Amino acid sequence: MFEPLVPGHVGMYVCGPTVSGESHLGHARPYITFDVVYRYLMQLGYKVRYVRNITDAGHFEEEGREAEDKIAKKAQIEKLEPMELVQKYTNLFHWAMNQFNCLPPSIEPTATGHIVEQIGMIEKLIEAGYAYVNNGSVYFDVKKYAESHDYGKLSGRILDDLLETTRVLEGQDEKRDKADFALWKEAPPEHIMRWKSPWGEGFPGWHIECSAMATKYLGAQFDIHGGGMDLLFPHHESEIAQSTICNHTPPVRYWMHNNMITINGRKMGKSYNNVIKLTELFSGDNPQLEKAYSPMTVRFFVLQTHYRSTLDFSNEALQAAEKGLKRLMEAYEWLKQYKDERGEMTDDSSDKAPSSNAELEEKVVRLVSEFDDFINDDFNTAKVLANMFELVPVINSIKDKQIKADALSGETLLLLQTKMKTYVEDILGLQAETAAEEDKLKGVMQVLIELRKEARAKRDWATSDKIRNQLADVGIQLKDEKDGNISWSFA
């Protein structure tokens with residue numbers, strides 16, 4: 001059972017992107033996942049402070065790979081100043097998040113904007129005896145920390161195994177032990193991004209920025225820390241160690257990690273030459289893609305699988321998601337504007353109108369009520385959507401008059417409408433791709449439908465058929481309903 005540190009308030013920190021390049025498919029999953037968490041907590045009435053950082057410091061990513069200043073390297077390739085490069089890719093990231101309909105965080109701090117806080121935290125670690133200086137660099141003493149704390153508890157790693165398996169990379173002989181990690185690195189002459197510190201000119205390590213920013217904006221201990229499973233070790237394990245020593249308390253009450261996206265069963269990575277940038281995903285401009293996929297299709301695809309399960313990308317899976325989303329949204333859009341034939345849905349007498357089909361009534365109430373059960377069970381959006389797809393045939397049957405309007409009570413119809421809106425729009429964040437353009441299209445379609453109605457009333461079958469056939473040619477299908485109205489959908 002989730003219990004926030006402060007009743008009515010939730011502090012949530014999610015590790016943001018390193019803006020040394022374009023966001024890719026793998027970035028879509030954590031930010032869509034934690035957008036749903038953010039939305040649901042607010043829906044429950046919590047006041048949420050959602051902090052998601054931007055890593056814009058040119059640190060070396062040293063653990064488990066060759067040392068590389070990603071931002072400086074990319075800036076040289078693109079012939080840009082480092083902060084010019086950072087701004088370019090931060091803007092692209094924000095654009096992509098907006099396309100996914102992800103709400104902006106409450107605070108979006110940058111690593112370079114918090115150098116003072118990082119230096120202050122490092123000084124505390126040195127003073128406490130858990131960090132040491134060597135040749136202008138500062139390292140965290142993992143072995144000393146492990147004597148009194150459980151280093152590896154979050155990730156399930158054992159320190160002795162780490163000492164045996166950690167690679168010795170160039171320039172790391174300054175460490176007392178291989179498992180120690182950098183808090184501050186002395187800047188070599190070629191390093192562009194550098195700051196003055198008590199230990200000389202240098203730049204922060206990878207892990208210290210999140211500890212410093214989380215502490216500043218959420219306090220010594222906060223409720224939720226999220227990120228991808230790839231950050232479990234060493235990043236989050238190191239965050240715990242740093243923050244615990246500095247703030248004398250474990251920093252996080254609830255850790256959440258989304259699993260990875262694979263592509264056709266393989267891990268996504270440069271070495272496999274299978275990285276798909278978000279701009280390529282939306283445009284279809286990648287040899288791995290059979291077509292372009294809309295941001296809402298991708299969001300829906302992500303939410304169809306529980307966030308802790310592996311999600312495998314393929315064209316077949318995306319196209320199935322595209323069809324599923326279309327089916328769901330068409331039913332939802334119709335339900336949203338539906339008025340009970342017994343009167344307005346908000347009318348008290350309509351709400352109390354009895355059901356003529358007790359079995360169907362019970363089924364709909366159960367499926368809708370389970371939305372809350374599933375989302376409360378570790379944000380199981382997959383099960384919420386599965387229930388929605390069980391409701392779609394019911395909605396379509398009411399629309400097509402295969403189920404009488406009085407089969408459900410007015411109260412249940414209102415519950416169905418209300419809960420579908422709350423979950424589809426407010427919690428899952430699904431929406432029409434371009435609402436403004438869709439409104440214009442609806443207006444144009446209404447004009448054409450009225451013209452066709454007039455033609456049919458005058459028995460001008462040639463004009464009536466011409467309107468229907470020409471719309472069909474451009475992928476819009478008209479349907480003459482039993483009640484005399486005309487509906488339309490994309491073919």
Side-chain angles (χ1 to χ4, degrees), residues 32 36 39 43 99-101 293-304 319-346 350 364 367-368 371 381 384-405 407-408 410 412-450 452-453 468 471-472 474-491:
I32 290 171
V36 170
R39 286 169 175 272
Q43 184 67 33
Q99 297 301 301
F100 285 133
N101 195 31
Y293 298 101
S294 72
M296 275 303 110
T297 295
V298 177
R299 184 180 180 102
F300 179 75
F301 169 69
V302 167
L303 297 178
Q304 276 187 301
Q319 287 164 27
E322 189 175 55
K323 290 176 183 175
L325 176 63
K326 179 175 180 286
R327 185 163 169 255
L328 174 64
M329 293 306 287
E330 283 180 354
Y332 168 65
E333 290 295 333
W334 181 86
L335 177 70
K336 192 163 64 168
Q337 54 78 43
Y338 174 65
K339 298 289 188 289
D340 186 0
E341 290 179 355
R342 293 164 293 192
E344 293 290 322
M345 290 303 297
T346 54
S350 174
V364 170
L367 289 170
V368 170
F371 289 176
T381 57
V384 172
L385 286 169
N387 271 29
M388 285 184 179
F389 277 106
E390 285 196 58
L391 290 164
V392 165
V394 176
I395 296 167
N396 288 339
S397 294
I398 295 172
K399 174 187 171 185
D400 296 337
K401 312 292 184 184
Q402 293 171 357
I403 293 178
K404 292 181 179 179
L408 299 178
T412 297
L413 277 170
L414 184 58
L415 174 70
L416 177 60
Q417 285 183 312
T418 304
K419 280 287 192 179
M420 285 290 284
K421 183 200 177 295
T422 297
Y423 273 84
V424 170
E425 294 185 23
D426 302 337
I427 296 173
L428 300 184
L430 299 172
Q431 64 175 12
E433 292 295 339
T434 51
E437 289 180 14
E438 230 184 48
D439 286 342
K440 290 178 186 176
L441 177 60
K442 286 177 181 177
V444 171
M445 286 304 303
Q446 197 55 45
V447 170
L448 291 171
I449 286 170
E450 290 302 322
R452 187 164 181 269
K453 278 184 180 179
R468 183 189 62 204
L471 284 172
V474 295
I476 296 174
Q477 183 176 341
L478 293 183
K479 183 179 179 182
D480 296 314
E481 304 288 356
K482 292 178 182 178
D483 59 4
N485 289 318
I486 300 173
S487 64
W488 64 276
S489 62
F490 293 106

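Only a predicted model underlies this, so the values are computations on that prediction, with no experimental measurement involved.
- Annotation for Leu367 and Asn387: closest pair O-ND2, 2.9 Å, computed over non-hydrogen atoms.
- Using modelled atom types, one finds a donor on one side chain and an acceptor on the other under 3.5 Å when comparing Gln446 with Glu450.
- Atoms CE and CZ, from Met388 and Phe371 in turn, are 4.5 Å apart once rounded to the nearest 0.5 Å.
- Remark: side-chain polar atoms of Gln417 are paired, donor with acceptor, to backbone N or O of Leu335 under 3.5 angstrom.
- In this structure, the side chains of Asp400 and Lys479 come closer than 4.5 Å at one or more pairs of heavy atoms.
- Salt bridge annotation for Glu330-Lys399: absent, with no cationic side-chain nitrogen under 4.0 angstrom from a carboxylate oxygen.
- Between Arg327 and Pro393, the closest side-chain pair of non-hydrogen atoms falls below 4.5 Å.
- Note: Ser487 OG to Leu478 CG = 8.0 Å, rounded to the nearest 0.5 Å.
- Atom CG of Leu430 is separated from atom CD of Glu425 by 9.0 Å, given to the nearest 0.5 angstrom.
- The shortest heavy-atom contact between Ile427 and Arg39 is O-CD, 3.2 Å.
- Here the closest non-hydrogen pair linking Gln304 and Ala321 is OE1-CB, 3.6 Å.
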Quick one, Leu328 with Phe300, criterion side-chain contact (heavy atoms from CB on, under 4.5 Å). Give me CA distance, side-chain angles, the key distance, then yes/no.
CA-CA 10 Å; Leu328 174 64; Phe300 179 75; 4.0 Å; yes
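- Counting only heavy atoms from C-beta outward, the side chains of Lys421 and Tyr332 approach each other to under 4.5 Å.
- Note that the CG atom of Leu408 and the CG atom of Leu414 stand 12.0 Å from one another [nearest 0.5 Å].
- Residues Ala331 and Val392 come closest through the heavy atom pair CB-CG1, 4.0 Å.
- Between the CD1 atom in Ile32 and the CZ atom in Phe100 there is a gap of 4.5 Å [rounded to 0.5 Å].
- The closest side-chain heavy-atom distance from Lys419 to Leu391 is not below 4.5 Å.
- Counting heavy atoms from C-beta on, the side chains of Lys336 and Glu333 come closer than 4.5 Å.
- For the pair Thr381 (side chain) and Leu303 (backbone), a donor-acceptor distance under 3.5 Å is present.
- For the pair Ile449 and Arg452, the minimum side-chain heavy-atom distance is 4.5 Å or more.
- At least one side-chain heavy atom of Val384 sits under 4.5 Å from a side-chain heavy atom of Tyr423.
- Using a distance-only test at 3.5 Å, with no hydrogens or angles considered, a donor-acceptor pair links the side chain of Arg299 to the main chain of Leu428.
- Between the NZ atom in Lys453 and the CG atom in Asp480 there is a gap of 10.0 Å [rounded to 0.5 Å].
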